[in-house]
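Encoded as structure tokens, the structure appears first; notes follow it.
Keep in mind that what you see is a predicted model, and the values were worked out from it rather than measured. The chains referred to below are lettered A, B, ... by the order of the sequence lines, with proteins before strands, and numbering in each begins at 1.
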Amino acid sequence: MYALVDVNNMYVSCERVFRPWLAGRPVVVLSNNDGACIARSNEAKDLGVRMAQPWFEVRHLERAAGLVALSANFELYGDMSNRMMSIAAGVAPRQEIYSIDECFLDFDGVPGDLVALGRDLRRRVLQWTGLPTSVGFGTTKTLAKLANHVAKAADRTPGQPYDAKLAQVCDLGTLPPGERAAVLAATAAGDVWGIGPKTSAKLAEAGVHTVLDLVQADAAMLGRRFNVVVERTVRELQGTPCLAIDDAPEGNQQLMCSRSFGQPVPDLPTLIEVVSQFTVTVARRLREQAAVAGALQVFLATSPYRRHDRQHAPGATLRLPRATSDTRELVSAAVRTLRGIHRDGHNYLKAGVMLTDLQPAGRAQGALDLFDTAPAGGPGSDHGPHDSHHSGHRGGNHDGKGGGNDGSHTSTPAAPAGAARLMQTLDALNERFGRQAVTVASAVRPAAAPSRHASRQERRSPRYTTRLDEIAVARA
DNA sequence: TCTGGGGTCCTAGGACCC
DNA sequence: TCTGGGGTCCTAGGACCC
């Protein structure tokens, strides 16, 4: 038996923990640029605010309906997520953390009344973190997801067939067949995990509208007519597990950092600064996973909403001469790629850097020398054939910016080990003194120049749980 | 008349999720 | 004035191989 545990309106609920007066009021959390609504309280949903709806389209509701908007505070949400996840991990043998606000639990081998266990878990998370959750049970992950959906619907608008007894914690398997069929018939096929807008439109053409239709369908036939994803989803709904719990994720396959800007940015120097900053961020996250990247992609985009601007959305992928997690190599590669795709005279409104072909640092070709001096490497690590340096690749210019950093790499294999130590030191310094403490020169704006691209974040709450100087204060 | 056949790897794009 | 930022998996088609 699986459970899906999910925080209701996660970001809004996190804000409400520390601002209890927001309870019962319509609240939205805005995206990085204060541009769009990325989380909504139930009250905001009732006002008609849609997911990802631009803020300027709904801001009139501030006065008209008391809508409260907050800038995203991901540091807070991440920390609250960790607390919820560790509580949930305590009640089941296995846990898969599926997203910042959801996890699957695998109760295989656990005896007793699981729904009662789910209610206990819900109560505990609420008491210990202040976050309201919903819990859905099922014999497959897709059924657990579906039960979770029903638990939320029954909580918000109880009534037939979403009876109040299904609210908050729900196991459709416990219902009499007739009631269960009524619930399935009242739930749209598009509400099922894995059935998106395109697929549900096509399903409707084939006469499949509700979850009951899906359950009664011939999975193999839908598989031929659509694809294997649909087939698996139908089988899971019918009770045949096709998806396993993944409680030991291997790390990401790609890492991306991208942003929309507060203002259009046409000029190359500013884009170099921005892309350098993104690369610094994504390189730090790469090292956190003890991984290296084999390729790097840079992209730019103008705004399709600025109708009168010339549109341009270029991108390019650079295969790295050898997989690396060295910020300097990655920034150098990113800036080179950026120069290749940038064209003058375009109002770029978005840029991004993506690292792909990620591999564990220890297994990567050429990584031997990264950790060569680390005694922890031990006999377990794969010290393959001697790394041959591709001389000529790494001595390259740094676009005239960095200045000679060493020059020793052509003669001594100790240089990469030194690079690894340098990155460790860089990460340690930034961990201690803040992320901007030490960075590459191209990511820093000359002191006199104003920053035009910075994201707006005018409504961010304090980082109550992760910054001592922003900690919540209680007054008598 | 008749134009091999089977395999792998890579990439771009689509669809979906939160 | 102002329109999110991450991820995953699958498929089709091209390049290449023997």
Side-chain angles (χ1 to χ4, degrees), chain A residues 4 6-12 28-40 49-60 62 69 71-72 74 77-78 81 96-104 141-142 145 148-149 152 189-203 223 226-233 242-243 246 249-264 278 281-282 285 289 294-295 297 299 301-309 313 315-319 347 349-358 452 455-459:
Chain A
L4 182 81
D6 176 298
V7 178
N8 304 342
N9 310 327
M10 169 77 175
Y11 298 165
V12 169
V28 293
V29 171
L30 302 177
S31 61
N32 249 308
N33 214 19
D34 283 356
C37 305
I38 56 170
R40 307 156 294 157
V49 181
R50 297 189 316 275
M51 186 61 179
Q53 187 166 14
W55 169 236
F56 73 86
E57 287 182 12
V58 295
R59 72 177 312 161
H60 65 277
E62 245 180 331
S71 300
F74 292 110
Y77 311 149
S81 173
E96 173 185 340
I97 294 174
Y98 179 67
S99 74
I100 191 167
D101 72 325
E102 282 175 66
C103 66
F104 288 100
K141 290 169 80 174
T142 304
K145 271 283 223 183
N148 184 277
H149 174 82
K152 284 202 180 74
D191 289 337
V192 171
W193 186 41
I195 306 290
K198 303 272 185 190
T199 304
S200 51
K202 282 194 243 170
L203 282 169
F226 292 86
N227 54 57
V228 296
V229 180
V230 172
E231 177 172 354
R232 271 204 304 251
T233 299
C242 302
L243 304 170
D246 182 9
E250 292 201 358
N252 297 76
Q253 300 184 18
Q254 60 181 50
L255 290 172
M256 178 159 68
C257 182
S258 76
R259 291 281 182 284
S260 300
F261 310 139
Q263 299 279 320
F278 292 175
T281 296
V282 86
R285 292 175 52 208
Q289 301 196 359
Q297 187 178 336
F299 60 88
T302 51
S303 169
Y305 302 104
R306 294 170 64 100
R307 290 294 192 80
H308 303 299
D309 280 7
T317 302
L318 182 72
R319 180 143 287 280
N347 281 324
L349 213 85
K350 184 173 183 171
V353 175
M354 195 189 309
L355 301 181
T356 56
D357 190 17
L358 306 192
R452 299 214 329 279
S455 292
R456 285 187 300 274
Q457 270 212 329
E458 293 161 358
R459 304 153 175 267

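With hydrogens and angles disregarded, a donor-acceptor distance shorter than 3.5 Å links the side chain of A:T233 to the backbone of A:V229.
Residue contacts shown for A:T199 are limited to sugar-phosphate atoms, with no base heavy atom under 4.0 Å away. At a threshold of 4.0 angstrom between heavy atoms, the contacts of A:K202 with the nucleic acid are absent. No contact: A:L30 has no heavy atom under 4.0 Å from any strand. Nucleic acid contact class of A:C257 (heavy atoms, under 4.0 Å, all strands): sugar-phosphate only. Across all strands, A:R306 comes closer than 4.0 Å only to sugar-phosphate atoms, never to a base (heavy-atom distances). A:V282 comes within 4.0 angstrom of nothing in the nucleic acid, heavy atoms only. Using a 4.0 Å heavy-atom distance criterion, A:P197 is classed as a sugar-phosphate-only contact. At the heavy-atom level, A:I100 lies nowhere under 4.0 Å from the strands shown.
Between B:dC16 and A:K145, no contact under 4.0 Å exists linking OP1 or OP2 to a side-chain N or O. Between A:Q253 and C:dC9 there is a side-chain N or O to OP1 or OP2 distance below 4.0 Å.
Between A:Q254 and A:F56, the residue whose closest nucleotide on DNA chain C is further toward the 5' end is A:F56. Nearest-nucleotide assignment on DNA chain C puts the 5′-proximal partner with A:E57, out of A:N252 and A:E57.
Comparing C:dG4, B:dC17, C:dG6 by their closest approach to the side chain of A:R259 singles out C:dG6. The nucleotide whose nearest atom lies closest to any side-chain atom of A:K198 is, among B:dC16, C:dG6, B:dC17, B:dC16.
Under the 30°/60° scheme for interplanar angles, the aromatic rings of A:Y98 and A:W193 are found to stand perpendicular.
For DNA chain B, runs of at least 3 consecutive pairs of the Watson-Crick or G-U wobble type, with both hydrogen-bonding distances under 3.5 angstrom, map to B:5-18 with C:5-18.
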